[in-house]
Amino acid sequence: MNTAIRLKLFFMMVLELLIWGAWLPLLNGYMQFLHFDDWQRTWVNNAFAIASITAMFFSNQFADRNFAAEKFLAASHLIGGAAILAMFWVKDFWPFFALMLLHSLFYVPTMSITNSIAFAHIKDPQKEFGIIRMGGTIGWIAAAWPLFFLLGSKQGAAAQEAKAGIFILAGIASFVLAAFSLTLPHTPPKRATEGVQKLAWLEALSMLRVPYILVLFIVTFIDATIHMGYFIMTGGFLENGVKIEPKWIMPAMSIGQIAEIGTMAVLGFVLKRLGWKKTLILGILGHAARFAVYAFFPDHPGLIILVQILHGICYAFFFATVYIFVDEFFPKDARASAQGLFNFLILGAGPFVAGVIWPQLEGRFKIGDVVDYQKLFLIPTGMAVVAALLLLALFNPPEKAEAKLEAAPAPAH
């Protein structure tokens, strides 16, 4: 692949994840400053889940079959960027939620579209996608630095008010990516041919009748629920269980993001050597190992911090591998919709369920102000082990992607 194209795809990923990373970590604290109640914050946080459903059924359908992907990306970030930027001035719940939903409806599909653009222009996805997707991790980390200087030495209400700058940063990054998308290599729509399912998302769903794809779909849902549980529970555990000073919580967790860069860099090598099944199992067992350490060694802060490096294995060896697998095993004209189908689990269904069950379980295992973290963390540990066993026993894709058509039933017309 042309080096200039590779750099463009890399920078596309940097901007794509910088947008999300700009507002997600600080959104809840800012909504508390606005005095949104628990119900209102839940609705704002679930805007991504709502958008992921819409993306699966509608948005990716348009991207697959009706629009050049780079133009769809530009238009989506232009509209989504305007919505997130407007949130800087909005203080009331309903317009705040409406703008977040509008932003999410246009942003979430772009996470599938950026993958589709990358896959369309790389020759060896197993070898090259990990390096390109690593740009997203760098973008997420980079989002923290403007906010670091923005908050500076501000304290109390002044610091909370300054957090509104997250929407300016996300909006500017969206506009930059909207303009930059027009410089990306042309990725034309893949029109449905005669005898092919007219609705791309239905064609993607029809592939779930293939046993190994159905197994991967189920396991992805389990893994996404566990993965979001990490973000929901780790901060409180580090502060209240391990007794780490609050100012060190985010730096400690960022070790996982840094480790993700290295893991993405070697993903291609690992896939070539181990294959789909073993790589995916390693990704899930990374969750099991991390939560097991949480459960049994809470009195060892150094070990708890060190185990954050497993985040790279959990993300790259499972989620990034799923994206590559989908690109290789789904029909060309439905790949963006197939990416959206799995993003529905990774960004929607899994996080939505996680947002319900993990706080509830944490409350159930709390006696007074003390949480029994061992009992709590043994649940995601067990879920991860079960998911790994499902893959081991039932996930048996053909060795070569070309064989997929022999295994896949013909879609309904």
Side-chain angles (χ1 to χ4, degrees), residues 215-216 218-244 248-260 262-264 266-267 270 274 277-322 345-346 350-351 353-367 370-395:
V215 171
L216 182 61
I218 294 170
V219 171
T220 299
F221 170 69
I222 297 173
D223 188 84
T225 304
I226 299 169
H227 184 78
M228 183 55 66
Y230 163 75
F231 289 104
I232 291 173
M233 295 184 288
T234 294
F237 169 64
L238 292 178
E239 182 174 358
N240 302 314
V242 186
K243 306 300 182 183
I244 291 177
W248 291 110
I249 291 175
M250 289 303 294
M253 292 180 68
S254 71
I255 293 173
Q257 300 290 339
I258 296 170
E260 185 181 317
T263 312
M264 293 294 289
V266 301
L267 176 60
V270 173
L274 299 183
K277 177 186 285 192
K278 292 181 180 178
T279 302
L280 289 165
I281 288 174
L282 279 176
I284 290 181
L285 289 180
H287 285 300
R290 178 168 55 190
F291 281 117
V293 170
Y294 282 11
F296 293 109
F297 301 99
D299 297 328
H300 296 73
L303 181 59
I304 296 295
I305 293 173
L306 180 63
V307 83
Q308 301 303 313
I309 65 175
L310 289 177
H311 177 82
I313 291 176
C314 295
Y315 181 86
F317 286 6
F318 192 86
F319 288 144
T321 299
V322 166
L345 301 176
I346 295 169
V353 171
V356 174
I357 66 169
W358 298 125
Q360 292 296 321
L361 287 171
E362 189 171 15
R364 179 169 295 184
F365 291 123
K366 180 180 289 188
I367 301 175
V370 179
V371 177
D372 187 337
Y373 283 111
Q374 184 174 92
K375 290 181 179 179
L376 177 63
F377 290 134
L378 284 178
I379 294 176
T381 301
M383 290 172 61
V385 171
V386 169
L389 290 174
L390 283 174
L391 285 178
L392 181 64
L394 302 175
F395 183 68

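Sequential numbering from 1 along the given sequence is applied to the chain's residues.
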* Asked: Do His287 and Phe318 have ring centroids that are under 6.0 Å from one another?
  ->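 Phe318 vs His287: aromatic centres not under 6.0 Å.
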Quick one: [atom1] on [X] to [atom2] on [Y], what's the gap to the nearest 0.5 Å?
X	Y	atom1	atom2	answer
Ile305	His300	CD1	NE2	13.0 Å
His227	Thr220	NE2	OG1	12.5 Å
Leu389	Leu285	CG	CG	8.5 Å
Lys243	Asp299	NZ	CG	10.5 Å
Leu216	Leu391	CG	CG	7.0 Å
Phe317	Glu260	CZ	CD	11.5 Å

Distance-minimising heavy-atom pair for [X] and [Y]:
X	Y	result
Ile284	Ala387	CD1-CB, 3.8 Å
Gly229	Ala354	N-CB, 4.2 Å
Arg290	Val307	CA-CG2, 3.9 Å
Leu376	Glu362	CD1-N, 3.9 Å

* Lys278 atom NZ: more than 12 heavy-atom contacts under 6.0 Å ->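 No, because the 6.0 Å sphere around NZ of Lys278 holds 12 heavy atoms or fewer from other groups.
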* Can you sort out the partners of Phe291 under ring-ring contact (aromatic ring centres under 6.0 Å, His included), two or more places apart, ordered by chain and number? =>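 Listed in chain order: Tyr294, Phe377.
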* side chain to side chain contact (heavy atoms under 4.5 Å, CB included) between Thr263 and Leu267: does it pass, once the steps are laid out? -> CA-CA 6 Å; Thr263 312; Leu267 176 60; over 6 Å; no
For residues [X] and [Y], determine if any side-chain heavy atom of one lies less than 4.5 Å from a side-chain heavy atom of the other.
X	Y	value
Leu390	Ile222	yes
Asp223	Val322	no
Phe296	Leu378	yes

* Where do Asp372 and Ile367 land on the side chain to side chain contact (heavy atoms under 4.5 Å, CB included) test, with the steps shown first? -> CA-CA 8 Å; Asp372 187 337; Ile367 301 175; 6.0 Å; no
* Asked: Yes or no on side chain to side chain contact (heavy atoms under 4.5 Å, CB included) for Phe395 and Val219, after CA distance, side-chain angles and deciding distance?
  -> CA-CA 10 Å; Phe395 183 68; Val219 171; over 6 Å; no
* **Side-chain donor/acceptor of Trp358 to backbone N/O of Tyr230, under 3.5 Å** =>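 Side chain of Trp358 to backbone of Tyr230: no pair is present.
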* Judged by atom type as modelled, is there a donor-acceptor pair below 3.5 Å linking the side chain of Thr321 to the main-chain atoms of Ala316? ->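 It does hold such a pair.
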